[in-house]
Amino acid sequence: MNVNNQNCKLKVAHRGVPSLAPENTMISFKRAIEFNIDVLEIDIHRTIDGKLVVIHDPTTNRTSQEKGVISKLTYETLTKYDVGKWKGQAYIGEQIPLFQDVLNLIKDTHIKLLIEIKQPENYPNIEEDIIAMIKQHDISYNQIMIQSFNRNSIQKINTLWPEIELGVLIKKKDRFIS
């Protein structure tokens, strides 16, 4: 990561700094902040007990030696999953963070939080939960951006809190031809 590039206009940390620390973990986010980033990108899923967690995949299979589907596990169960061990000894014990922990980390900073809602169709009313958590932590709407491949989810966010910056992600098969 060359953060001193003069052509770089915006420094975005995608899942933290996964080249240096396990992706979507608090240690990865803290390392990213050390690079004076502008935007921290995270991914959100919800556990069976309603906790908003920061993980890219719908399962723990790729980032943990323990296997499981996020939406079918409690957060208490997830706290026993080590998502850092695969990256090296220094990261043993890293856990899947709660969304609220990331909000606490970026609060009172200049960093924008880019939230990707993963598979919102599997998590009824996740949009309300995300917005409630942001407001509960007194994070300004201008510090938040939300994106998803699910257009209905983005439309719902727009209805609930129109001031938030939004993005619809487009898969290759859905690209517009101009």
Side-chain angles (χ1 to χ4, degrees), residues 1-47 51-70 73-119 126 129-131 133-149 164-167 169:
M1 172 188 279
N2 182 0
V3 295
N4 294 321
N5 184 339
Q6 295 300 319
N7 296 323
C8 183
K9 302 294 183 207
L10 195 63
K11 292 179 269 181
V12 180
H14 185 249
R15 302 182 206 163
V17 187
S19 62
L20 301 176
E23 69 178 57
N24 272 328
T25 61
M26 293 305 290
I27 190 72
S28 190
F29 302 147
K30 290 173 184 174
R31 296 286 303 271
I33 290 170
E34 292 172 5
F35 288 106
N36 196 30
I37 60 169
D38 300 300
V39 179
L40 176 63
E41 186 271 347
I42 65 171
D43 305 287
I44 299 282
H45 286 274
R46 188 170 57 202
T47 62
K51 301 292 184 184
L52 296 174
V53 293
V54 180
I55 184 170
H56 180 270
D57 300 353
T59 71
T60 59
N61 301 0
R62 182 176 61 84
T63 57
S64 173
Q65 293 178 343
E66 297 83 3
K67 308 298 180 207
V69 177
I70 300 298
L73 297 169
T74 64
Y75 183 68
E76 182 180 350
T77 300
L78 282 179
T79 63
K80 298 174 179 118
Y81 287 27
D82 188 316
V83 294
K85 193 180 328 184
W86 66 271
K87 191 76 172 173
Q89 292 290 324
Y91 304 107
I92 289 176
E94 280 299 312
Q95 297 178 348
I96 297 169
L98 289 166
F99 178 46
Q100 65 191 36
D101 295 333
V102 177
L103 291 173
N104 285 330
L105 182 67
I106 62 109
K107 187 179 172 129
D108 301 323
T109 72
H110 73 281
I111 297 168
K112 281 195 123 173
L113 187 62
L114 174 55
I115 303 161
E116 182 175 341
I117 305 174
K118 304 300 275 190
Q119 303 176 337
I126 192 170
D129 294 345
I130 289 170
I131 288 173
M133 185 71 62
I134 292 166
K135 289 181 176 183
Q136 178 184 350
H137 284 79
D138 199 30
I139 306 288
S140 172
Y141 71 87
N142 60 14
Q143 196 174 355
I144 301 292
M145 296 182 286
I146 299 178
Q147 65 184 9
S148 180
F149 284 101
I164 291 182
E165 285 185 69
L166 302 172
L169 298 169

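No experiment lies behind these values; they were computed from the predicted model shown.
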Can you check side chain to side chain contact (heavy atoms under 4.5 Å, CB included) on L113 and I139, steps first, answer last? CA-CA 10 Å; L113 187 62; I139 306 288; over 6 Å; no
Could you give me the CA-CA distance, side-chain angles and deciding distance for V39 and M145, then say whether side chain to side chain contact (heavy atoms under 4.5 Å, CB included) is met? CA-CA 9 Å; V39 179; M145 296 182 286; 3.8 Å; yes
Take V53 and F99 through the side chain to side chain contact (heavy atoms under 4.5 Å, CB included) test and state the conclusion after the steps. CA-CA 5 Å; V53 293; F99 178 46; over 6 Å; no
Let me see the working for Y81 and I55 under side chain to side chain contact (heavy atoms under 4.5 Å, CB included), right down to the final yes or no. CA-CA 12 Å; Y81 287 27; I55 184 170; over 6 Å; no
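Remark: R31 pairs with E34 by the salt bridge (Lys or Arg N to Asp or Glu O under 4.0 Å) rule, at least two apart or across chains.
Looking at heavy atoms from C-beta onward, V12 lies out of side-chain contact with D38 at the 4.5 angstrom threshold. Side-chain contact check for I42 versus I44: some heavy-atom pair is nearer than 4.5 Å. Using a 4.5 Å cut-off on side-chain heavy atoms (C-beta onward), T47 and T74 make no contact. Within the 4.5 Å cutoff, the side chain of Q119 has heavy atoms near those of the P58 side chain. Residues V69 and N61 have side chains not in contact (no heavy-atom distance under 4.5 Å, counting atoms from C-beta outward). Y75 places none of its side-chain heavy atoms less than 4.5 Å from the side chain of R46. Contact of the F29 side chain with the I37 side chain is not registered, since no non-hydrogen atoms from C-beta on lie closer than 4.5 Å.
Within the 3.5 Å criterion, the main-chain N or O of H56 finds a donor-acceptor partner in the side chain of H45. Checking side-chain atoms of Q143 against main-chain N and O of I111 turns up a donor-acceptor pair under 3.5 Å. Of the possible polar contacts, none joining the T60 side chain to the S64 backbone as a donor-acceptor pair under 3.5 Å is found. Within the 3.5 Å criterion, the main-chain N or O of R15 finds a donor-acceptor partner in the side chain of E41. Panel note: side chain S148, backbone I117; a donor-acceptor pair is recorded below 3.5 Å. Not a single donor-acceptor pair under 3.5 Å links the side chain of D43 to the backbone N or O of V54. Judged by distance alone, the side chain of K11 and the main-chain N or O of A32 form no donor-acceptor pair under 3.5 Å.
Applying the salt bridge (charged side-chain N to carboxylate O under 4.0 Å, His left out) definition to pairs two or more places apart or across chains, those involving residues 55-70 are E23-R62, D57-R62. Residue pairs that meet the side chain to side chain donor-acceptor pair (under 3.5 Å) test with at least one member in residues 97-113, sequence neighbours left out, are K112-E165.
Side-chain contact of T25 with S28: a donor-acceptor pair under 3.5 Å is absent, judged by distance alone.
Distance OG1/T77 to CD1/I96: 11.0 Å, rounded to 0.5 Å. Note that CE of M26 is 9.5 Å distant from CG of L98, once rounded to the nearest 0.5 Å. If you take CD1 on I144 and CD1 on I164, they are separated by 6.5 Å, rounding to the nearest 0.5 Å.
Counting non-hydrogen atoms of other residues, nucleotides and ligands closer than 6.0 Å to CD of Q136 gives a total above 12. Counting non-hydrogen atoms of neighbouring residues, nucleotides and ligands closer than 6.0 angstrom, the NZ atom of K51 reaches no more than 12 such neighbours. Remark: K30 NZ is loosely packed, at most 12 non-hydrogen atoms of other residues, nucleotides or ligands lying under 6.0 Å away.
Evaluated for a side-chain contact (heavy atoms from CB on, under 4.5 Å) with V102, the options L40, L52, N24 yield exactly one hit, L40.
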